[in-house]
Number of protein chains: 2
Amino acid sequence: MDNRKCTDRLDRKGIRVTPIRILVLDALMKASGTMSLADLETELETVDKSSIFRTLEIFEKHHLVHSIDDGTGSVKFEVCESEDDCSIADMHTHFYCEICHKTFCLKDISAPLVDLPEGFSARSVNYIIKGVCPSCARG
Amino acid sequence: MDNRKCTDRLDRKGIRVTPIRILVLDALMKASGTMSLADLETELETVDKSSIFRTLEIFEKHHLVHSIDDGTGSVKFEVCESEDDCSIADMHTHFYCEICHKTFCLKDISAPLVDLPEGFSARSVNYIIKGVCPSCARG
DNA sequence: GATTCCATTGCAACCGGGTTGCGGCATATA
DNA sequence: TATATGCCGCAACCCGGTTGCAATGGAATC
């Protein structure tokens, strides 16, 4: 576990460093895709659900992670790509297969952003396409 | 209540007509925007939650209505625009204000659809932008 | 007309993700 | 050392959604 890297990043975001916050951030950074609260609970079995919850809450408020609602009923979390700021450009496309109920993370397809009516300002985008994935289409 | 119109539409979709289904469909058609299960429960106080739930399930399966997950924790329902088929073109943009927690239905902005990798086929799009709405921006 | 069958519905209970109150412990501040 | 503040675990709670089951009712069959 890269303790140092986590500590630095928390510092830079102005988040007080604690052992649990390091654990959670480390797990998120190591994860290949997104992680749900339940995923983190499983991964960090010594840490209480509510602590993880509150940690994620803080991370999100400080734009260290962002959440994706893929419509499966459990919100997913992901470390923001850019080190210093979490921009809308970080938001990419997700695909949910209605057959096998898996969520795919299409990292290289960034979520489109439409022109909004006067007065609306966007801070994040939740873009999820539902349909049938390749392997379910074949079989 | 336009009983006839509802009955016809149910018929055309191959959905067996029942009093409750007429009530639910009528409420949805009359609604200015989207409705949640809870909204319908309030509107149709004589009808049980589970009955509404199952009715919506059937409606959705027959592509008479579609659901939108706006990230508020309660799924919204909406009658498909086109009479005969519910196409992806029906899906429009939704905006969720992080300050006042309201969901706006931007009916005239259709949800964009990105090119998916080989093998993925899209059946619906869930596109929701989060940010600050005009009245909250004003302060 | 009587009987059988199956879809529909209401009720109540359940489920699971998320959230909160609170008390204890640790850490910081005076 | 005394005092405040923040962090954490536990347990309980909340709420939207979902399911099992029994009763009802209408259509199909005898």
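We name chains A, B, ... by the order of the sequence lines, and we start the count at 1 in each one. Just so you know, these numbers use all the heavy atoms, side chains as well, and skip hydrogens, waters and symmetry mates.
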Length of the line joining [X]:[atom1] and [N]:[atom2], which is rounded to integer Å:
X        : N       : atom1 : atom2 : result
Met35(A) : dG18(C) : CE    : P     : 13 Å
Lys61(A) : dT19(C) : NZ    : P     : 13 Å
Leu10(A) : dC7(D)  : CG    : P     : 12 Å
Asp69(A) : dG17(C) : CG    : P     : 14 Å
Ile52(B) : dG10(C) : CD1   : P     : 9 Å
His62(A) : dG6(D)  : NE2   : P     : 12 Å
Leu56(A) : dT19(C) : CG    : P     : 10 Å
Glu45(A) : dC10(D) : CD    : P     : 13 Å

Polar contact flag, side-chain donor to acceptor under 3.5 angstrom, [X]-[Y]:
X        : Y         : result
Thr42(A) : Asp39(A)  : no
His63(A) : Arg123(A) : yes
Thr7(B)  : Lys5(B)   : no

Side-chain touch Glu43(A)/Met35(A), heavy atoms, less than 4.5 angstrom: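 Yes, their side chains come closer than 4.5 Å.
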
Arg16(B) vs dT8(C): side-chain N/O to OP1/OP2 distance below 4.0 Å: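 Yes, Arg16(B) has a side-chain N/O under 4.0 Å of OP1/OP2 on dT8(C).
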
Side-chain N,O (Ser51(A)) to OP1/OP2 (dG9(D)) below 4.0 Å: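 So the side chain of Ser51(A) is within the cut-off, an N or O lying under 4.0 Å from OP1 or OP2 of dG9(D).
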
Spatial distance of atom CD1 (Ile129(A)) from atom OG (Ser124(B)) [nearest 0.5 Å]: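 One gets 9.0 Å once the value is rounded to the nearest 0.5 Å.
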
ring-ring contact (aromatic ring centres under 6.0 Å, His included) partners of Phe95(A), counting only residues at least two apart: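 Testing Phe95(A) for ring-ring contact (aromatic ring centres under 6.0 Å, His included), a comparison that skips the adjacent residues, returns Phe120(B).
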
Nucleotide N/O of nucleotides 17-26 of chain D paired with protein N/O under 3.5 Å:
unit_1	atom_1	unit_2	atom_2	d
dG17(D)	OP1	Val75(B)	N	2.8
dG17(D)	N7	Lys49(B)	NZ	3.2
dG17(D)	O6	Lys49(B)	NZ	3.1
dG20(D)	O6	Arg54(B)	NH2	3.0

